[in-house]
Asker: 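I have a structure I would like to understand better, so I am pasting it below and will then ask my questions one at a time.
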Amino acid sequence: MKQDRTSNLRARPALVVLAFAAAGLLAGCATPLTGMPHDAPPVDTDPIAELRQLGEAVVAEPRNADLRARYLARRDALAVGWLNEAERARAFAQFELAERLYREVLSIEPANARARAGLDTLVDERRRLQRLDQAEAAYARGDSANAERLVRSVLAEAPANTRARRLLRELDERRLLQPPVAALAGPLAKKVNLQFRDAPLRVVFEALSRAAGLNFVFDSDVRDDALVSIFVRDTSVDEVIKLLTATQQIGRKLLNANSVLIYPATPAKQREYQELVSRSFYLANADVKQALNLIKQVVKSRDVFIDEKLNLLVIKDTPEAMRLAERLIASLDVAEPEVMLEVEVLEVSRSKLRQIGLEFPQQIGWGAIDGDNVGELRDGVVNLNNTGGLVPFVSNPAAVLRLRAEDGDTTLLANPRIRVKNRSEAKVHIGEKVPVFTTTSTANVGVAASVSYLDVGLKLDVEPSVTLDDEVAIKVALEVSNIVREVLGPQGSVAYRIGTRNASTTLRLKHGETQVLAGLINDEERGTNLRLPGLGELPVLGRLFSSERDEAARTEIVLLITPRIVRNIVAPAFTRDDLAAGTEALVGAAPLRIGPMAPESLLVSGTGQPGAAAARLAATPLLPSGEAEIDPGSVVVDLVAPESAVAGGTLTLSLKLDGTGGHNGVLVEFDYDVERLEPVGFAPSESGQASTALPAGNLPTAVPIGFKVKDAASGTANVRINGLIFDLGGRQVPIPAAGAAAVNIVAP
C-alpha cells in the first residue's frame, strides 16, 4: 500500500512534486504536528491542503515556535517553486501560466513581493509585446519611422529585449539601403517651380505659401527684406525651404502639418526655439565614465549626468544631438568578447635510485660520554688531570650496509577550463602553499616568529585578446616549481630551495585550434661514492669498504591550449557606414540633401542683406534680345478655353499676355478644379493651388496650360488665374491679374 502511495505521488505534475519535495527537505527536521509522533509516516495529501492544515495548527497553538517554523518553511518552499516556474514561463512568453502561478503564490502569501512585482512585470510585458507586434506590422508595410519609434519605446523600458534589438538591427540595415533623400508626403512634398532674382525673402515665402498651401509664421527679428535669388524646377517645397534656411541664415520649426515657423539662425534664437529632450541611458556593458567622455567630446553636450552605481547616463540636448548620442552609445555599449580556454598540462617524471655498499663511520673520538645519552658528549667542563671519565667512541651503529634500489614514474595531469573576458588576465595554480617561518629578536619582546606562504606547483597565467576575425591572441606564462631541499636558517628558521621552470610566449590561434607547447625537460644524473680512506681504493677489495649512490631523474612538461570563442563583438549595423554628425553649429542635424533634378534646374544665391545683387546672376543679360522692360500697368491677361471637354480626354487652355517689352521670366499662379482635372506639365496639388514658370521672352505671348480630364468627371471645371510675378531686370514685380475659364465636361 505504501508503494502505491509513492507511485501516485510521483505521478503528480512536476511543479507540485518539486514544491512538495523542497518543503519536505526544508522542514524534515522540524517538530511534527501536535499529537503526531516524530516517526509517523508521511501523509499522502495535497501540498496546499497540508499547508492549510499546518496554518490551522499554528492558529490553534500560536506559542508553538517549532510548529510555526515548520509552517513557514513549507510555505516558503512552495512559494519559491511556483515563483521559479512563473519566471521560466514569463521568459518563454507564456503569460497566462505565469499569471496563474503568481496568483497561486499570493493565495498562500499575500504580501510576497516577488509575486506582486511579477504581476506588474506581466502587464508591462504584454504592453511591450503589443508594441513589438505593431512595430513589426509597420516594418512589413514599409513604415520604418513608426516602427523605429515603437521599437525604441520598448528598448527604453527593457534594453535587453532580444526581439526589439533584432528588429532595430533590421531597421538599421534597411536605412543603409535607402536612398539619401526619402520621399515626403503632404504639402512639403509638393513640387514647385520658382524663378526669383534679388527678390525679398518675404515674396519668396508668399509664393511658396500660395503654391503649397502652407502657413509661414515669421519671428519679429527676421529680415524679410533680405534679397534672395533662386531658380528651381520640379523641386519639393521641403527642399526649397532647406535651401533657403541654409543660405539665408534662418531656421525653421514645423508647428503642424502645414504651418512653419521661420526665425533667425542666431545662437540666442536657437536657444529660444530649438526644443530640448532628455533621455536616460542604462549601460549594460560600457563604463559610464567612458560614455561621458564620448558624449562630451563628440556630441559636445553640456548637460550630462552620470550615476556610477546604476551605470546611468542622463543627457539633455536637441533631438538631433540626442539621436547622434544614442547611436554613439549603442556602438560603445556592446558586450565584451569572451573566450573559453581549454588548457591541458601534462607532467611526466621518472626517477631511479640505486644505493649499495657499506657505510663506515665518518669520525671517531675520545672524550666524556653522557651515560644517559650514549654517543653524546656531556656538557660542562672536563678536568684533564682526571682522565678516568674519558673513553674512545664511534657513532652508533658503527657500520651500515646500504641495499636500496628505487624506480618511480609520476604523471600529473591538469585539465582546467577557464572562461575569461577579452584582455583580462586569468590565473591557475595547482600545487601547494608551503609555509616559511621567519624569526626576529628584539630587546623588549624577545623572539617573534612570523609565517609566510610560498606557492609551489604549477602556475599558469593567460591573457586572451579576441579579434574580429575569430582569432585569439594569447599571452601565456607557465611556471612549474618544486621543493629541492630544506635550508636551515639562523635561530631555527626554515627556508626552501626551489627548483623552477618557466616559459612565456604570445601566440595567435583560431577558434578551436590547439597549440602544443612542449620541450620543458629536466634531466638530472647524480653519482656519489663514499669510501673508507685507503682500503676503499683497492682494486677489488675496495668495494667492501665503500658505498655507491646513483640517482637519475627526468621530467617533461607538455602544455596544450585550445581557445573557443564564446562571444565576439556584435557591432550595430550603422557602424559599418558613415554616421552623419551634422555641422559644428548644429550637431546631429540631417545632411543638406535634395532629390535628383534635371541639369541646370537649380540656382540659389543671396547674401541676406538688402540691396545686394547675386554675383552669379550678374553675368546674365537683364532682358532678352535687348528689349526694353514691360510696363506692368499695360499688361493684359486673358485665359482662353474651349466650351467643353470630354471626360477622360485632355483640356488645353491658352494664357495670353498682351503688352510690349521684354522680361526675364514670369511666375503664373492659378487655381484649378482638383476633383475634375489633373495637371499636365506641372506638379499636382491637393489644394488646387498651382504655379508654373514661363521662360524669358517678349510680349505679347501665349502659353498653353494643359490638363487631363478625369474619367468620372462631370459638370463644370473652373480654372482661375490669381496673379503674375515678372522678373524685370533683376526685380520681382508682382502684377495682380484676374482671369477665369469655365469648361463643361461631357460624357465620351
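Every heavy atom of this structure was used, including side-chain atoms; hydrogens, water molecules and symmetry mates were not.
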Asker: Restricting to side chain to side chain donor-acceptor pair (under 3.5 Å), what partner residues turn up for Asn311, sequence neighbours left out?
Answerer: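 Side chain to side chain donor-acceptor pair (under 3.5 Å) check on Asn311 returns nothing, list empty.
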Asker: Answer yes or no: is there a side-chain heavy-atom contact under 4.5 Å between Gln248 and Arg223?
Answerer: no
Asker: Are more than 12 heavy atoms, taken from residues, nucleotides or ligands other than Glu272, located less than 6.0 Å from that residue's CD atom?
Answerer: yes
Asker: Let's go through Asp673 and Lys710 carefully: what are the C-alpha distance in whole Å and the side-chain angles of both, what is the deciding distance for salt bridge (Lys or Arg N to Asp or Glu O under 4.0 Å) to 0.1 Å, and is it a yes or a no?
Answerer: CA-CA 11 Å; Asp673 193 343; Lys710 295 183 178 181; over 6 Å; no
Asker: Output all residues satisfying side chain to side chain donor-acceptor pair (under 3.5 Å) with Arg126, sequence neighbours left out; order by chain, then residue number.
Answerer: Glu99
Asker: Dump the intermediate steps for side-chain contact (heavy atoms from CB on, under 4.5 Å) on Ile315 and Ile329, then the final yes or no.
Answerer: CA-CA 11 Å; Ile315 307 174; Ile329 292 175; 4.0 Å; yes
Asker: Partners of Ser259 by side-chain contact (heavy atoms from CB on, under 4.5 Å), sequence neighbours excluded?
Answerer: Asn215, Leu255, Asn256
Asker: side-chain contact (heavy atoms from CB on, under 4.5 Å) with Glu336: which residues, sequence neighbours excluded?
Answerer: Lys421
Asker: Can we say Glu125 and Arg128 salt-bridge, meaning some charged N sits less than 4.0 Å from an Asp/Glu carboxylate O?
Answerer: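 Yes, charged N to carboxylate O under 4.0 Å.
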Asker: For Arg676 and Val709, indicate whether the former's side chain and the latter's backbone hold a donor-acceptor pair under 3.5 Å.
Answerer: no
Asker: Considering residues at least two apart in sequence or located in another chain, which fulfil the ring-ring contact (aromatic ring centres under 6.0 Å, His included) criterion with Tyr139?
Answerer: none
Asker: Would you name the heavy atoms of Lys300 and Gln297 that are closest together and state the gap between them?
Answerer: NZ-O, 3.0 Å
Asker: Enter the distance from Gln130:CD to Leu150:CG here, rounded to the nearest 0.5 Å.
Answerer: 10.0 Å
Asker: Taking ring pair (Phe, Tyr, Trp, His ring centres under 6.0 Å) as the cut-off, I'd like each qualifying pair that reaches into residues 235-265, sequence neighbours left out, listed once.
Answerer: Tyr263-Tyr273
Asker: If I take atom CG from residue Leu167 and atom CG from residue Leu132, how far apart are they, to the nearest 0.5 angstrom?
Answerer: 7.0 Å
Asker: Could you tabulate the donor-acceptor pairs under 3.5 Å formed by side-chain atoms of residues 279-289, not counting sequence neighbours?
Answerer:
unit_1 : atom_1 : unit_2 : atom_2 : d
Arg279 : NH1    : Glu326 : OE1    : 2.9
Arg279 : NH1    : Glu326 : OE2    : 3.4
Asp287 : OD1    : Lys289 : N      : 3.4
Lys289 : NZ     : Glu308 : OE2    : 3.4

Asker: For residues Ile705 and Val719, determine if any side-chain heavy atom of one lies less than 4.5 Å from a side-chain heavy atom of the other.
Answerer: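 The answer is no; the side chains never approach within 4.5 Å.
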Asker: Taking C-beta and beyond as the side chain, do Glu320 and Gln274 meet within less than 4.5 Å on heavy atoms?
Answerer: no
Asker: With rounding to the nearest 0.5 Å, note down the distance linking CG in Leu328 to CG in Leu294.
Answerer: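 It comes to 5.0 Å.
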Asker: Identify the heavy atoms of Ala147 and Ala135 that sit nearest to each other, and give their distance.
Answerer: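 Looking at all heavy atoms of both residues, the shortest contact is CB-O, 3.4 Å.
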Asker: Please check if the side chain of Ser209 supplies one atom and the backbone of Phe205 the other of a donor-acceptor pair under 3.5 Å.
Answerer: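 Not at all, since once roles are kept as given, no pair shorter than 3.5 Å links the two residues.
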Asker: Return a table of donor-acceptor pairs under 3.5 angstrom between the side chains of residues 651-658 and protein atoms on other chains or two or more places apart.
Answerer:
none

Asker: So which atom in Asn744 and which in Gly715 form the shortest heavy-atom distance, rounded to 0.1 Å?
Answerer: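 Where Asn744 meets Gly715 most closely, the heavy atoms are OD1-O, 3.2 Å.
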Asker: If you look at every heavy atom in Leu244 and Ile250, which pair is closest and at what distance?
Answerer: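 Shortest heavy-atom contact: O-CG1, 3.8 Å.
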Asker: Just how far is it from atom CG of Leu214 to atom CG of Asp238, taken to the nearest 0.5 Å?
Answerer: 9.5 Å
Asker: For Pro200 and Leu227, work out which heavy atoms get closest and say how close.
Answerer: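 Taking Pro200 first and Leu227 second, the nearest heavy atoms are N-CD2, 3.9 Å.
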Asker: To check you understand the geometry: which heavy-atom pair defines the closest contact between Val237 and Ala212, and what is its length?
Answerer: CG2-CB, 3.5 Å
Asker: Show your working on side-chain contact (heavy atoms from CB on, under 4.5 Å) between Leu208 and Val192 and close with a plain yes or no.
Answerer: CA-CA 8 Å; Leu208 288 176; Val192 295; 4.3 Å; yes
Asker: With distance as the sole test, does Ser236 use its side chain to make a donor-acceptor pair with the main-chain N or O of Lys191 at under 3.5 Å?
Answerer: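 Checking the backbone N and O of Lys191 against the side chain of Ser236, no donor-acceptor pair under 3.5 Å is found.
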Asker: Under the rule for side-chain contact (heavy atoms from CB on, under 4.5 Å), what residues qualify as partners of Pro264, not counting sequence neighbours?
Answerer: Asp219, Asp221, Val222, Thr266, Lys269
Asker: CD of Gln134 to CZ of Arg131: how many Å apart, nearest 0.5 Å?
Answerer: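 Rounded to the nearest 0.5 Å, the CD-CZ separation comes to 8.5 Å.
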Asker: State whether the number of non-hydrogen atoms from other residues, nucleotides or ligands found under 6.0 Å of Lys708 atom NZ is greater than 12.
Answerer: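 Correct, the count exceeds 12.
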Asker: To the nearest 0.5 Å, what is the distance between OG1 on Thr235 and CG on Leu243?
Answerer: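 Between atom OG1 of Thr235 and atom CG of Leu243 there are 8.0 Å.
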Asker: Which residues pass the side chain to side chain donor-acceptor pair (under 3.5 Å) test with Lys296, sequence neighbours left out?
Answerer: none
Asker: Specify whether Tyr672 and Phe707 have parallel, tilted or perpendicular ring planes, treating 30° as the upper limit for parallel and 60° as the lower limit for perpendicular.
Answerer: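 Ring orientation of Tyr672 relative to Phe707: tilted.
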Asker: Per the salt bridge (Lys or Arg N to Asp or Glu O under 4.0 Å) rule, what does the pair list look like for residues 206-216, sequence neighbours excluded?
Answerer: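 Only Arg202-Glu206, Arg210-Glu669 qualify under salt bridge (Lys or Arg N to Asp or Glu O under 4.0 Å).
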Asker: By side chain to side chain donor-acceptor pair (under 3.5 Å), which residues pair with Arg163, not counting sequence neighbours?
Answerer: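 Residues passing side chain to side chain donor-acceptor pair (under 3.5 Å) with Arg163: Asp133, Glu136.
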